[in-house]
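For reference, the structure is listed below as C-alpha cells.
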Amino acid sequence: MQVPAQFRYEKAVSVEHALTLLGRYGPESRVVAGGHSLIPMMKLRLAQPEALIDINDLHELAIISVERHVLCIGALTRHADLLSSALVGEHFPIFHDAERVIADPVVRNRGTVGGSLCQADPSEDLSAAFAAVRGEAVIVSPEGRRTVPVREFFLGPYQTVVDPGELLVQLRVPIRSSASAYQKVERRAGDWAVAAAGAELVLDDGVVADAGIGLAALGAPNFHAREAESFLVGGPATDERFAEAARIAAEHCNPIADQRGPEEYKRHLAKTLVTRVLSVARTRWHGLHSGEKAR
Amino acid sequence: MIMEITVEVNGSSYTRSVEPRLLLVHFLRDELGLTGTHWGCDTSNCGTCVVWLDDVPVKSCTVLAVMADGHSVRTVEGLEGADGLDPVQQGFMACHGLQCGFCTPGMLMTARWLIDHNPAPSEADIREAISGQLCRCTGYENIVRSVRWAAEHEAGLRERTVEDAGTEVQA
Ligand SMILES: Cc1cc2nc3c(=O)[nH]c(=O)nc-3n(C[C@H](O)[C@H](O)[C@H](O)COP(=O)(O)OP(=O)(O)OC[C@H]3O[C@@H](n4cnc5c(N)ncnc54)[C@H](O)[C@@H]3O)c2cc1C
Ligand code: FES
Ligand code: FES
C-alpha cells in the first residue's frame, strides 16, 4: 500500500488566500490541483511536501473565455472541460486532438491544464500544444502578476519559472486565423506518448506565413521545433517542404531511449508525426478558407 | 495533523477525523466500511476504485479524503434504488459483464455516468469511456454488451425483475 508521508493540508478559498498560505508555509509547501501527478509522486515518496495548498475550490480559475481576441483558459480547467469546450475546438483544434489522447476519460475528469504545465513532465502533451500555438502563462505572486511565453516557461524536466510562492492562474492564446492539429503515438490506450507532435499553420495563398511546431516526449528544447518552423516560413505549403521540415525537427530533437522505444524509433516517429500534423493543419486551413475563395 | 471532515456519501453525511494523507478509497473502505469500491493498482491505472466526486467519475486512489470534505461522493453501494438494482447492474447480470468481479464497481460507476450523459452510446463510446479501466477476465466484450443492454433497457426496465433479465443471457 502506497501512503504519502505526513503533511499539513489547507484549502484555499481565493487566489489571495492561496498566495498567503504559500507564503506562510514556505518553499516546502506545494499547490495541489487535480493531484494526478503530485499525489502519485507523494505516494511513491518522490515528493514529500510539508504542506499542500488545495486550489480545487477556486472556481474562478476554471473558466474558459475569449477576451479581446485572446483565448483564456483558467489554470484549474480540467482536461475534460478543455476537450468539451466548443470555444476551444473552434479556434484551436490542436487542443481537442491532444485531449482525446491524454490519459483516459476518468483521469481527464480530474487532471488540470495548469497542473499539466507546472508538472513539466517531458512527455506532457499540453506543454507541446501550448508551445506550438505560442501560448502565454499568467503567473501571480504577492508582488503582482507576470506573463511568460510558454516557450520560456520550462527550465528543464519537472522545472518551470513558477517560483515557490507563486500560482499559475491562466493560459492565454492570441486568436488568429490559423489551423492546427496534434497527433501522438502511444503503446496502449491512455498511456503517455512514445512521441507526439502538434502544429499550427497560417497560410497566405499557398505560402506558409507562420508555423508553430510542438513536440512532446522527444526532448525538444521547450517543447518546440524552432529550426523546422524557421525553415517552413516563407516557403510553399507543399508535401515536400513538410517532409523536409519534419526531417529537420527529427534531427534537432533529443529523444532518449527508454522502455517506450529506442532513440532511432522516436526520431522516426518525430518525422512521421510532424509530417502528418502539418498536413492535417493544411487540410483544416483549406476547409476553413475554401468558402472565402469561392466568394 | 488530524482533520475533521464531513463527506456526503450516497446521500448520507459522514463526519470523521482523518489524516490529510488518507486517500479517498481508504476513507470509503476503512473508515465507512463501504468495501464495494475496490482498490487495485494504487497507481491510477486500473480504475477499479472509480467513484463519483460531485457527480463526476474519479479514481479515488488518487484523491485525498480531505479533498472531498464538503463534497458529495457516490459509490457502487449508491447505485441500487428503492425499486431494485440499477439498470447497469442488471445489465452486468444479464450479459455476464463480470467474472471475478474485481473491476466491476469501477465499471458500473463509469457506465452509469456514461448512460446519464449519452443515453444511446455506441460500442466505440463505451470502449472509450472505460478505456482507463482494466478487466483481466472478460476481454471487455461482455462489459460492452452489458452497458449496451443497460442503455437499451433503461426505460421501463425498473419494473422488470432480475429473473426476467436472466432469461436473456446468451450462453
Ligand atoms: C494514469 C495517468 C495517465 C496520464 N497520461 C497522460 C498523458 O498521456 N499525457 C499527459 O500530458 N499527461 C498525462 N497524465 C498527467 C495528467 O495530465 C495530470 O493530470 C497532469 O499532469 C497534472 O495535472 P494535475 O492538475 O493533476 O496536477 P497536480 O498533480 O495537482 O500538480 C502537478 C504539479 O503542478 C503544481 N501545480 C498544479 N497547479 C498549479 C498552479 N495552478 N500553480 C502552480 N503550481 C501548480 C503542483 O504543485 C505539482 O507540482 C497522466 C496522469 C495519469 C494519472
Ligand atoms: S486502484 Fe485506483 S486506479 Fe487502480
Ligand atoms: S471481472 Fe475480473 S477483472 Fe473484470
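None of the values given here were measured: they were computed from a predicted structure. Letters go in sequence order (proteins before strands), and every chain restarts at 1.
The contact between A:M1 and chain B is made by backbone and side chain atoms together, counting heavy-atom distances below 4.5 Å. No part of A:R78 comes within reach of chain B, as not one of its non-hydrogen atoms sits under 4.5 angstrom from that chain. Contacts of B:W39 with chain A are made by side-chain atoms alone, with heavy-atom separations under 4.5 Å and no backbone atom involved. For B:V50, the part lying near chain A is the side chain, with the backbone staying farther off; criterion is any non-hydrogen pair under 4.5 Å. Proximity to chain B is limited to the backbone of A:A5, based on heavy atoms less than 4.5 angstrom apart. For A:R110, the part lying under 4.5 angstrom from a heavy atom of chain B is the side chain only. The contact between A:D57 and chain B is made entirely by side chain atoms (from C-beta outward), counting heavy-atom distances below 4.5 Å. Only the side chain of A:L52 comes within less than 4.5 Å of a heavy atom in chain B; its backbone stays farther off. Within the 4.5 angstrom heavy-atom criterion, no atom of B:L22 approaches chain A.
Contact annotation for residues 121-136 of chain B against chain A (heavy-atom separation below 4.5 Å, listed by residue number): B:E128, B:A129, B:S131, B:G132, B:Q133.
Here NZ of A:K43 is found 7.5 Å from OG1 of B:T43. Values are rounded to the nearest 0.5 Å. The structure places CH2 of B:W52 at 11.0 Å from CG of A:N109, a figure rounded to the nearest 0.5 Å.
Each of B:H71, B:H26, B:R21 has some count of heavy-atom pairs under 4.5 Å with chain A, and the biggest count is that of B:R21. Of all the listed residues (B:K59, B:M67, B:M3), the one sharing the greatest number of non-hydrogen pairs under 4.5 Å with chain A is B:M67. Put simply, of B:N45, B:V63, B:V66, the one with the most heavy-atom pairs under 4.5 Å next to chain A is B:V66.
Taking each heavy atom of A:P40 and B:T62 in turn, the nearest pair found is CD-CG2, 3.8 Å. Listed here is the closest heavy atom pair of B:P20 and A:Y9: CB-CB, 3.6 Å.
Side-chain atoms of A:I39 and B:L23, non-hydrogen and from C-beta on, do get closer than 4.5 Å to each other.
Taking 4.0 Å as the cut-off between side-chain N and carboxylate O, A:K11 and B:D69 do not count as a salt-bridged pair.
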